[in-house]
Amino acid sequence: MSKKPVILGIESSCDETAVALIRENNKGEPEILSNIVSSQVDIHKEFGGVVPELAARAHIEKIDKAIAASLKKPFIAVNHLEGHALSPKLNSKINYPYLLLLISGGHSQFLCVEGLGKYKRLGTTIDDAAGEAFDKTAKLLGIEFPGGPQIEVLAKKGDPTKFDLPKPIINKGGCNLSFAGLKTAILRIAKNIKDKKDKCDLAASFQKTMEEILYKKSKIAFQEFNNINKNKNKTFVVAGGVAANKKIREILIKLCNEENFEAIFPPINLCGDNAAMIAFAGLEKFKQNQFNDLDFPAKPRWQLDENAVFLKGAGVKI
Ligand code: KG4
Ligand code: ZN
């Protein structure tokens, strides 16, 4: 029997309660033994977004959080964002350092991942996250929460050139991002939407604008990453819920081909919140003997780059 440890990952940071088991195989590759997600979508749907108090209650109903203590097993605290950051390593061999674009419902950041626990933030959103922009646009179009994946479907049927939408801070602020102005523009247009065709056209125009913003800002991030790393190891990793968007994947793969970077994404089913990525981050920490006390506090604003400035609402000044 294998002596390799089995890691139980528990994910409960937002609106999914998930558990997974991971063990390294004899080739040193992570193997997912089990990966289960219990979604809270039905609980939050009627509010059009995640209600933190309801989320916390639903997690406690599903998971007894004193598991490690009662089983006398070592405990490892994992930053949810670190789970996303390392998730592409579940199916690809990636060497450090790599450039990471983390695009989820709560975060949008470019980071230089120098090693386990070593993150240098190159850019961040100064207002909304990319996934939040997808969800808010969906809500304005009358699509149920979480709307991001539905926008992608509607966009396929629409004309992406119909509405000219703003691309905030596209020519300034380095690789920092901003999506709030885009939402305001959508709000204005959505009020005058008459039929299904308009709706599809707006979804398509929004989708295309997001692609263009991420293409341009990633290109800037490539330059910054190259400057730091002297052009060594040009790997671009995209993770988080929005990385499941196929058109965004395509445009970023195109950029990587143009700029001689290797593009790596997690499998579609591991882009959104899941416990396999948490178990994997736990496994990496286990191998470095990074354990925590059971009274480790929950950190709602646990930054990956702890030296990066944190300003409420806006990530940085530009
Ligand atoms: O990583 P994630 O599951 O949760 C957070 O950590 O926030 O990301 C969820 C976000 C939501 O905003 C959701 O609408 C968005 O990812 N998302 C997508 C797609 N699938 C999920 N956005 C655009 N296109 C998709 N296919
Ligand atoms: Zn997440």
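Counting convention: from 1, in listed order, for ligands and their atoms alike.
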Using a 4.0 Å cutoff against the non-hydrogen atoms of [X], which atoms of ligand 1 qualify?
X: Gly105; answer: 5 (C), 7 (O), 8 (O), 9 (C), 10 (C), 12 (O)
X: Ser104; answer: 1 (O), 5 (C), 6 (O), 7 (O), 8 (O)
X: Gly272; answer: 3 (O)
X: Gly131; answer: 12 (O)
X: Gly106; answer: 7 (O)

Original post:
Hey, looking at atom 21 (C) of ligand 1, which of Ala244, Ala243, Gly241 has the closest heavy atom?
Top reply: Gly241

**OP:** Classify the ring geometry between Phe296 and Trp302 as parallel (under 30°), tilted (30 to 60°) or perpendicular (over 60°).
**Re:** tilted

**OP:** State, with a plain yes or no, whether a side-chain heavy atom of Leu33 is found less than 4.5 Å away from one of Val6.
**Re:**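 Yes. Closest side-chain heavy atoms under 4.5 Å.
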
Original post:
Run the salt bridge (Lys or Arg N to Asp or Glu O under 4.0 Å) check on Asp305 and Arg121 step by step: do they pass?
Top reply: CA-CA 6 Å; Asp305 178 352; Arg121 193 179 74 191; 5.7 Å; no

Subject >> Contact with ligand 1 for His84, non-hydrogen, under 4.0 angstrom >> reply: yes

**OP:** State, to the nearest 10 degrees, the angle whose vertex is the Zn ion (ligand 2) and whose arms point to NE2 of His84 and OD1 of Asp273.
**Re:** 100°

**OP:** Could you tell me whether Phe75 and Phe291 have their ring centroids closer than 6.0 angstrom?
**Re:**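 When the ring centroids of Phe75 and Phe291 are compared, they turn out to be at least 6.0 Å apart.
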
Subject >> Sole candidate of Leu154, Ile189, Thr137, Leu140 that passes side-chain contact (heavy atoms from CB on, under 4.5 Å) when paired with Leu202 >> reply: Ile189

Subject >> Per-residue contact class, Asn245 against ligand 1 - non-hydrogen pairs under 4.0 Å >> reply: both

Original post:
With backbone taken as N, CA, C and O and side chain as the heavy atoms from C-beta onward, which portion of His107 lies under 4.0 Å from ligand 1: side chain, backbone, both, or neither?
Top reply: neither

Original post:
Between the Zn ion (ligand 2) and His107, is there an N, O or S atom separated by less than 2.8 Å?
Top reply: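 No N, O or S atom of His107 is closer than 2.8 Å to the Zn ion (ligand 2), so no.
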
For residues 86-101, dump all side-chain donor-acceptor pairs below 3.5 Å to protein atoms at least two apart in sequence or in another chain.
unit_1	atom_1	unit_2	atom_2	d
Ser87	OG	His84	O	2.7
Lys89	NZ	Ile94	O	3.2
Tyr98	OH	Ala85	O	2.9

**OP:** Ignoring angles and geometry beyond distance, decide whether Gly148 reaches within less than 3.5 Å of ligand 1 through its nitrogen or oxygen atoms.
**Re:** yes

Subject >> Distance (rounded to the nearest 0.5 Å) between Leu270 CG and Met277 CE >> reply: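 Going from the CG atom of Leu270 to the CE atom of Met277 covers 9.0 Å.
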
Subject >> Donor + acceptor pair across side chains of Lys216, Asn171 (<3.5 Å) >> reply: yes

